[in-house]
Amino acid sequence: MNSKELFVRDTTVIKQSDNLFTAEVSENWSIGNTANGGYSMTLAAKAMSEFLEHKDPLSISAHYLDRVDFGSTELHVTHLSSSKSLSTARVEFIQDNKIKIIFIGTFTDFSFKNDLNIYERDVPNFPEYNSCEVIPYKEGFNPKLDKNIEKAYAQDSLWWKKDIDNSSSTLNLYMSWPEKDNVDLFDLVLFLDATTPPIYNKLGTVGWVPTISLASHVRGLPSEGPLKVIAKTEFVTGGFMEEDREIWDSSGKLVGQSKQMAKLRLKK
């Protein structure tokens, strides 16, 4: 089973009743001893997609209330609104009778084309893919998430080995499935929270960076080929920081954006 097939299996949700779905949270997409936030969001997105009239994720926001455990979870879905082009739902991600995450998602249908596109910025000027370096996977050092997603970092973003004195809190990288399978809309939900914290490029692996909230916006289905990803942190205030990400496909189309609020817990 390749990584894409593993992700499809590990994001399977089972309908138990009109508004109740169940899933098994897998360790394959973990950060430390908990599930990656983008992976948890994908489970909620799959449940909302099955529940709502519209099937394609457009915008999903999450508040992470407690650490997610591996194993069984319940996804309680509530309908909030519907229109011709959009439908919205709320999901409570529940384990052991405790709400761990609250999601609100708006879904659409990307098969209905709208040609209105206005870009104030050009496609990021990335180095050639072959000049970038895939982060080596080391058991016990890398999160298990890194074993199943290929990340090829530009030379200014080799956070695990470069001199950090002159670094910025920005990462430039290509992201893809290791076997180069096509990336779909639900894969983007994962990828929008799958980079290393960009603060590591400035400070090194300084500690734990737990997510408080995450808003992910899917802009469309990517073209074939590795995705260009920019992740950056511009402000740390009182120990809290943002992580902003953009994902561009090989054709030069913006296909995803996310903004995350996290806490920077420095090692003692």
Side-chain angles (χ1 to χ4, degrees), residues 3-5 7-8 11 13 29 36-62 80-89 91 103-126 129 148-152 171-195 213-232 242-260:
S3 295
K4 166 75 173 183
E5 292 168 339
F7 184 63
V8 171
T11 54
V13 297
W29 315 94
N36 165 264
Y39 168 60
S40 299
M41 182 176 281
T42 307
L43 290 171
K46 290 284 186 77
M48 285 187 274
S49 180
E50 290 200 25
F51 178 81
L52 291 169
E53 177 183 354
H54 298 92
K55 303 303 179 183
D56 298 337
L58 176 67
S59 177
I60 306 175
S61 62
L80 296 180
S81 68
S82 293
S83 67
K84 184 177 179 179
S85 60
L86 301 170
S87 50
T88 300
V91 173
F103 298 94
I104 293 180
T106 296
F107 282 60
T108 191
D109 184 349
F110 283 118
S111 67
F112 289 94
K113 299 294 185 183
N114 185 325
D115 294 328
L116 178 59
N117 296 299
I118 301 172
Y119 284 19
E120 290 286 333
R121 284 192 285 117
D122 293 332
V123 181
N125 184 21
F126 263 44
Y129 185 88
N148 295 310
I149 301 175
E150 182 173 290
K151 306 173 192 178
L171 295 172
N172 299 303
L173 64 148
Y174 290 92
M175 191 177 292
S176 61
W177 293 118
E179 300 83 8
K180 305 302 185 290
D181 294 83
N182 289 343
V183 174
D184 66 26
L185 299 173
F186 293 96
D187 300 343
L188 282 176
V189 176
L190 172 69
F191 284 14
L192 281 166
D193 187 38
T195 71
S213 65
L214 172 65
S216 293
H217 306 299
V218 176
R219 296 299 190 101
L221 188 67
S223 300
E224 184 178 352
L227 301 170
K228 296 177 179 179
V229 183
I230 301 172
K232 63 182 179 180
E242 90 290 344
E243 294 179 3
D244 293 332
R245 295 181 178 89
E246 297 176 5
I247 299 183
W248 299 73
D249 73 5
S250 58
S251 72
K253 180 175 66 176
L254 178 70
V255 294
Q257 292 173 289
S258 67
K259 179 175 281 289
Q260 180 175 347

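All values reported here derive from a predicted model rather than from experimental measurement. The figures that follow rest on heavy atoms only: side chains count, while hydrogens, waters and symmetry mates do not. Numbering of residues begins at 1 and proceeds along the displayed sequence.
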Checklist entry - Where the side chain of Asp181 meets the backbone of Lys4, is there a donor-acceptor pair that is under 3.5 Å apart? => result no
Checklist entry - Checking Lys151 side chain against Met175 main chain: does a donor-acceptor pair fall under 3.5 Å? => result no
Checklist outcome for this item: Separation between NZ (Lys232) and OG1 (Thr195), nearest 0.5 Å, reads 13.0 Å
Checklist entry - Counting N and O atoms only, with roles assigned by atom type, does the side chain of Asp193 sit under 3.5 Å from a partner on the main chain of Gly38, one being a donor and the other an acceptor? => result yes
Item to check | Heavy atoms of other groups near Phe112 CZ, more than 12 under 6.0 Å | outcome: no
Checklist entry - Of Val13, Ile60, Thr106, which meets side chain to side chain contact (heavy atoms under 4.5 Å, CB included) against Met48? => result Ile60
Checklist entry - Where does the angle between the aromatic ring planes of Phe7 and Trp177 fall among parallel (under 30°), tilted (30 to 60°) and perpendicular (over 60°)? => result tilted
Checklist entry - Atom OG in Ser250, atom OH in Tyr129: separation rounded to 0.5 Å? => result 12.5 Å
Next on the checklist: Quick one: does any side-chain atom of Thr108 pair with a main-chain N or O of Leu58 as donor and acceptor, under 3.5 Å?
Outcome noted: no
Checklist entry - Among Leu188, Val183, Leu254, Ile230, which residue meets the side chain to side chain contact (heavy atoms under 4.5 Å, CB included) test with Ile247? => result Leu188
Next on the checklist: Would you say that Leu227 contacts Pro222 through its side chain, given a criterion of any heavy-atom pair below 4.5 Å between the two side chains?
Outcome noted: yes
Item to check | Close side-chain approach of Leu221 and Val255, heavy atoms under 4.5 Å | outcome: no
Next on the checklist: Between Lys180 and Glu224, does any NZ, NE, NH1 or NH2 come within less than 4.0 Å of an OD or OE carboxylate oxygen?
Outcome noted: no
Checklist entry - Just by distance, do the side chain of His54 and the backbone of Thr88 share a donor-acceptor pair under 3.5 Å? => result no
Checklist entry - Heavy atoms, side chains only, cut-off 4.5 Å: are Thr42 and Trp29 in contact? => result no
Checklist entry - Is there a side-chain contact between Arg245 and Gln260 (heavy atoms, below 4.5 Å)? => result yes
Item to check | Main-chain N/O of Ile149 paired to Ser3 side chain as donor or acceptor, under 3.5 Å | outcome: no
Next on the checklist: Just so I know, are the side chains of Trp248 and Arg219 near enough to count as touching, which here means a heavy-atom distance under 4.5 Å?
Outcome noted: no
Next on the checklist: Run the side-chain hydrogen bond (donor to acceptor under 3.5 Å, both in side chains) test on Ser59 and His217 for me, step by step, so that the C-alpha distance in whole Å, both residues' side-chain angles and the decisive distance to 0.1 Å come before the verdict.
Outcome noted: CA-CA 4 Å; Ser59 177; His217 306 299; 3.0 Å; yes
Next on the checklist: Working to the nearest 0.5 angstrom, can you tell me the gap between Leu192 CG and Asp187 CG?
Outcome noted: 11.0 Å
